[in-house]
Amino acid sequence: MTKNSELIFAPELDQPVRYIERTRNYYLGLGYETPYVWAHYSDVPFTSLCKPLNESVLALVTTAVPFDASKGPQGPRAPYNAAAKFYEPYSLSIDEEMDLRIAHVGIDRRNANMEDSNCWFPLNAAKRAAESGRIQSLSKHVYGLPTNRSQRHTLEIDAPLILSKMRLDKVDVAVLIPNCPICHQSQSLLARYLEEAGIPTVIMGAAKDIVEYCGVPRFLFSDLPLGNAAALPDHPQSQDANFELALRLLEGAPGPRTTVQSPLVWSLDPSWKLDYSNLDQLSPEEILHLREEAEKARITARDMRVKSVGA
C-alpha cells in the first residue's frame with residue numbers, strides 16, 4: 001500500500017439495522033415512556049437432526065395471516081392494518097390455496113414488496129425442495145404464529161399449540177419465517193420451545209439483533225427489508241437459493257447460536273436502511289400523526305385480543 005492510497009470502505013449505514021434501538025427510539029419519540037423489554041437468554045437449546053433431510057417431514061411457520069376481505073386493506077401498499085391481526089395459532093392444509101398477507105404487522109412499507117408472497121413465505125421453494133427429493137415431504141399443514149408482544153403468552157399458550165399441531169403431522173424439522181420486529185421475537189421464542197421438544201429449527205429472518213439477542217439454535221440472516229426475509233421479489237432463483245441455505249444450516253450447524261448470512265443484496269445503495277421507524281426523517285406534524293395512528297392501532301389490537309383470547 002502506497003502512502004497516497006486511500007482505503008475505500010462501505011458507508012457506515014451499510015450494516016444490519018439495529019431494530020431494537022430503532023424501535024425503542026421510535027416509540028419514545030412518539031411519547032411512550034416505557035421502553036419494551038425484549039426477550040434475552042444466555043442458554044440456547046439445540047437439537048441435532050435425528051435423520052437426513054431427505055427422510056424428514058418439514059414444517060413452515062409464518063406470522064403472515066390468511067386474507068380476509070372484511071378486515072380492510074391488506075394488499076400491495078396497504079397501510080398498517082391492526083384489524084387484520086390474529087391472536088390464535090392457525091393451520092392450513094398444504095393442499096389448499098393460500099393467500100397470506102402481511103399488512104397486519106410492522107414491515108418496512110417503504111421498501112418491502114407486498115405483492116410477491118414468496119418474499120415472506122417460501123412455500124413454493126419448499127415444494128420444489130420436496131419435489132427434488134431434498135426433503136422427504138412438507139407437513140400436511142403450514143402453521144401461523146401470532147405476533148404477540150406477551151412473551152409469556154407465546155411460550156405458554158401459542159408455542160404448545162403449534163407443537164401439538166406438529167406432533168399430529170409427524171413433523172421432523174421446522175423453518176420459521178418472521179416479518180416484523182415482534183414477529184422475529186415470537187418466532188425466536190417458538191424456535192427455542194420446539195428445540196427443547198426435540199424438533200430442529202431454523203429461522204429465516206431480517207432482524208439480526210432481535211433474533212440473536214433472544215438466542216436461537218440456527219438463524220439464516222438476510223439483510224433485506226422487514227417483511228421480505230425469504231427472498232428477493234419476483235426472483236425464483238433467490239427463493240430456491242435462500243431456502244437451500246436454510247436447509248444446509250439445519251444440517252450443518254455445529255451448535256446453538258449459529259448464524260449464517262445470506263449473500264442476497266437488496267440494493268447497492270444501502271440508504272433504504274434509514275427508512276424504517278426513523279423519526280429523524282419526519283416532521284413534527286408527521287410524528288404527531290403517527291402518534292395518533294399508533295394509539296388507534298393499539299386500541300384496535302387490544303380490543304381484538306380481548307375478544308379473541310380474553311386477555
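One-based numbering along the sequence shown.
- Between P181 and T23 the shortest heavy-atom distance is CG-CG2, 4.1 Å.
- Contact annotation: the side chain of L232 approaches that of L224 to within less than 4.5 Å [non-hydrogen atoms, C-beta and beyond].
- The backbone N or O of D108 lies less than 3.5 Å from no partner atom in the side chain of D275, so there is not a single donor-acceptor pair.
- The hydrophobic cluster containing F219 does not contain V173, counting ILVMFWY residues as joined when their side-chain heavy atoms lie under 4.5 angstrom apart, directly or transitively.
- A 4.5 Å side-chain heavy-atom check between P79 and P73 finds at least one atom pair inside the cut-off.
- Ring geometry for H104 against F86 counts as tilted: the plane angle lies between 30° and 60°, on a 0 to 90° scale.
- The closest side-chain heavy-atom distance from E115 to R77 is below 4.5 Å.
- With hydrophobic clusters built from ILVMFWY side chains whose heavy atoms lie under 4.5 angstrom apart, V142 does not share a cluster with V61.
- Taking the charged nitrogens against the carboxylate oxygens, E131 and K127 have no contact shorter than 4.0 Å, which rules out a salt bridge.
- Hydrophobic cluster membership differs between F221 and I177, with clusters built from Ile, Leu, Val, Met, Phe, Trp and Tyr side chains linked at under 4.5 angstrom.
- M166 and L250 fall into different hydrophobic clusters, where Ile, Leu, Val, Met, Phe, Trp and Tyr side chains are chained together by heavy-atom contacts under 4.5 Å.
- Considering CD1 of I102 and CG of N179, their distance stands at 5.0 Å, rounded to 0.5 Å.
- Panel note: side chain D169, backbone V171; no donor-acceptor pair is recorded below 3.5 Å.
- For A39 against L189, the heavy-atom pair with the smallest separation is CB-CD2, 4.0 Å.
- By the 4.5 Å heavy-atom criterion applied to side chains, R218 and F46 are counted as neighbours.
- A 4.5 Å side-chain heavy-atom check between L28 and P35 finds at least one atom pair inside the cut-off.
- Interatomic distance, E96 CD to H141 NE2, rounded to the nearest 0.5 Å: 7.5 Å.
- Here the options are T154, L190, I162, L163, the test is side chain to side chain contact (heavy atoms under 4.5 Å, CB included), and the partner is P89; only I162 passes.
- Dense packing is recorded around CG of D269, with more than 12 heavy atoms of other residues, nucleotides or ligands lying under 6.0 Å away.
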I would like to know whether N242 and S222 meet side chain to side chain donor-acceptor pair (under 3.5 Å); could you show each step before the answer? CA-CA 9 Å; N242 239 26; S222 295; 2.9 Å; yes
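- A 4.5 Å side-chain heavy-atom check between H40 and I20 finds every atom pair outside the cut-off.
- The shortest non-hydrogen separation linking R257 to Y41 is NH2-O, 2.6 Å.
- The minimum heavy-atom distance linking I210 with Y19 is given by the pair CD1-CB, 3.8 Å.
- More than 12 heavy atoms of other residues, nucleotides or ligands sit less than 6.0 Å from atom CZ of R109.
- Heavy atoms from other residues, nucleotides or ligands lying under 6.0 Å from CD of Q281 number more than 12.
- Note: Y26 and Y276 fail the aromatic proximity criterion, with ring centroids not under 6.0 Å apart.
- To the nearest 0.5 angstrom, D68 atom CG is 6.5 Å from Q74 atom CD.
- Taking SG of C214 as the start and CD1 of I203 as the end, the distance is 7.5 Å to the nearest 0.5 Å.
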Should N113 and N228 be marked as a side chain to side chain donor-acceptor pair (under 3.5 Å) after you check the CA-CA gap, both sets of side-chain angles, and the distance that decides it? CA-CA 7 Å; N113 181 289; N228 284 181; 5.6 Å; no
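- Taking CD of E88 as the start and CG of D158 as the end, the distance is 8.5 Å to the nearest 0.5 Å.
- To the nearest 0.5 Å, atom CG of residue L58 and atom OG of residue S137 are 8.5 Å apart.
- Between the side chains of S150 and N148, not a single donor N or O lies within less than 3.5 Å of an accepting N or O.
- Put simply, the side chain of Q15 does not reach to within 4.5 Å of the side chain of K208, judged on heavy atoms.
- Note: the hydrophobic cluster containing L226 does not contain L100 (ILVMFWY, side chain heavy atoms under 4.5 Å, direct or indirect links).
- By the 4.0 Å N-to-carboxylate-O rule, D99 lies close enough to R101 to be salt-bridged with it.
- Contact check for T63 versus C180: no side-chain heavy atoms found under the 4.5 Å cut-off.
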